[in-house]
Amino acid sequence: QVELVESGGGSVAAGGSLRLSCVASGVTDTDFAMGWFREAPGREREGVAALDADGDPTYGDSVEGRVSISKDNAKNTLYLQMNSLGPEDTAMYYCAADPRLKTVIDDSPDWGLDYWGKGTLVTVCS
């Protein structure tokens with residue numbers, strides 16, 4: 001069973017950048033669908049970005065153009081590079097994955113990903 005541990009969150013001034021990391025363990029490789037979600041107080045969980053096993057990305061509407069998702073298969077690590085951050089990006093960011101899937105399921109809740117990390121907090125100060 002895959003275990004996911006996020007890191008890289010913190011406080012940043014508006015307009016700044018952060019790179020989040022998610023290390024997957026309990027698996028021999030990361031040749032499966034993975035993604036990032038965020039959840040802010042009073043708001044529903046939102047899909048930020050996802051990456052299929054073949055490297056095809058999916059981005060949420062609210063972040064497209066400001067974030068980039070990538071993966072280092074040698075390190076079993078998923079990244080989320082976030083730029084031009086604003087206060088609206090303040091949230092707990094979660095990594096999710098599912099070794100049974102090669103692609104995310106676009107019309108499924110949480111893109112069909114069933115395994116989750118505990119999250120890393122991002123706070124953007126105006």
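- Phe37 and Trp111 have tilted rings, their planes meeting at an angle from 30° to 60° on a 0 to 90° scale.
- Taking the side chain as every heavy atom from C-beta outward, Asn73 and Asp31 never approach each other to under 4.5 Å.
- Note on Tyr59 and Val48: same hydrophobic cluster, where clusters join Ile, Leu, Val, Met, Phe, Trp and Tyr whose side-chain heavy atoms are under 4.5 Å apart, directly or indirectly.
- Counting non-hydrogen atoms of neighbouring residues, nucleotides and ligands closer than 6.0 angstrom, the CD atom of Glu39 exceeds 12 such neighbours.
- Open room surrounds CG on Asp61; 12 or fewer heavy atoms of other groups in view lie less than 6.0 Å from it.
- Tyr115 has its side chain within reach of Asp98: a pair of non-hydrogen atoms, C-beta onward, lies under 4.5 Å apart.
- Interatomic distance, Asp89 CG to Ser62 OG, rounded to the nearest 0.5 Å: 7.5 Å.
- Hydrophobic clustering places Val63 together with Met34 (ILVMFWY residues linked when any side-chain heavy atoms are closer than 4.5 Å, directly or through intermediates).
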Start with the C-alpha gap between Val122 and Leu18, add the side-chain angles, then the distance that decides, and say whether side chain to side chain contact (heavy atoms under 4.5 Å, CB included) holds.
CA-CA 9 Å; Val122 172; Leu18 278 177; 3.8 Å; yes

Tell me, with the steps shown, if Glu6 and Ser21 meet side chain to side chain donor-acceptor pair (under 3.5 Å).
CA-CA 6 Å; Glu6 304 93 334; Ser21 300; over 6 Å; no

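- The pair Lys102-Asp52 does not count as a salt bridge, with every side-chain nitrogen at least 4.0 angstrom from each carboxylate oxygen.
- The hydrophobic cluster containing Leu113 does not contain Ile69, counting ILVMFWY residues as joined when their side-chain heavy atoms lie under 4.5 angstrom apart, directly or transitively.
- A donor-acceptor pair under 3.5 Å is formed between the side chain of Thr90 and the backbone N or O of Pro87.
- Counting only N and O atoms by type, the side chains of Gln81 and Ser70 include no donor and acceptor under 3.5 Å apart.
- Looking at Arg38 and Tyr94, their side chains never come closer than 4.5 Å, going by heavy atoms from C-beta outward.
- Residues Asp56 and Thr103 have side chains not in contact (no heavy-atom distance under 4.5 Å, counting atoms from C-beta outward).
- Looking only at side-chain heavy atoms (C-beta outward), Asn76 and Val27 come within less than 4.5 Å of each other.
- Cluster membership check: Tyr93 does not share its hydrophobic cluster with Val104, using side-chain heavy-atom separations under 4.5 Å among Ile, Leu, Val, Met, Phe, Trp and Tyr.
- Looking at heavy atoms from C-beta onward, Cys95 lies in side-chain contact with Leu78 at the 4.5 angstrom threshold.
- To the nearest 0.5 angstrom, Lys71 atom NZ is 14.0 Å from Leu80 atom CG.
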Run Met82 and Leu20 through side chain to side chain contact (heavy atoms under 4.5 Å, CB included) and show every step you take.
CA-CA 8 Å; Met82 302 189 293; Leu20 307 183; 4.0 Å; yes

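- The closest side-chain donor-acceptor pair between Ser17 and Arg66, if any, does not fall under 3.5 angstrom.
- For the pair Ala24 and Leu4, the tightest heavy-atom approach, listed with the atom from each and the gap, is CB-CD2, 3.8 Å.
- Residues Leu101 and Trp116 share a hydrophobic cluster, clusters being chains of Ile/Leu/Val/Met/Phe/Trp/Tyr side chains in contact below 4.5 Å.
- When only modelled atom types and interatomic distance are considered, Asp72 and Thr77 share no side-chain donor-acceptor pair under 3.5 Å.
- A donor-acceptor pair under 3.5 Å is absent between the side-chain atoms of Tyr79 and the main chain of Ser68, judged by distance alone.
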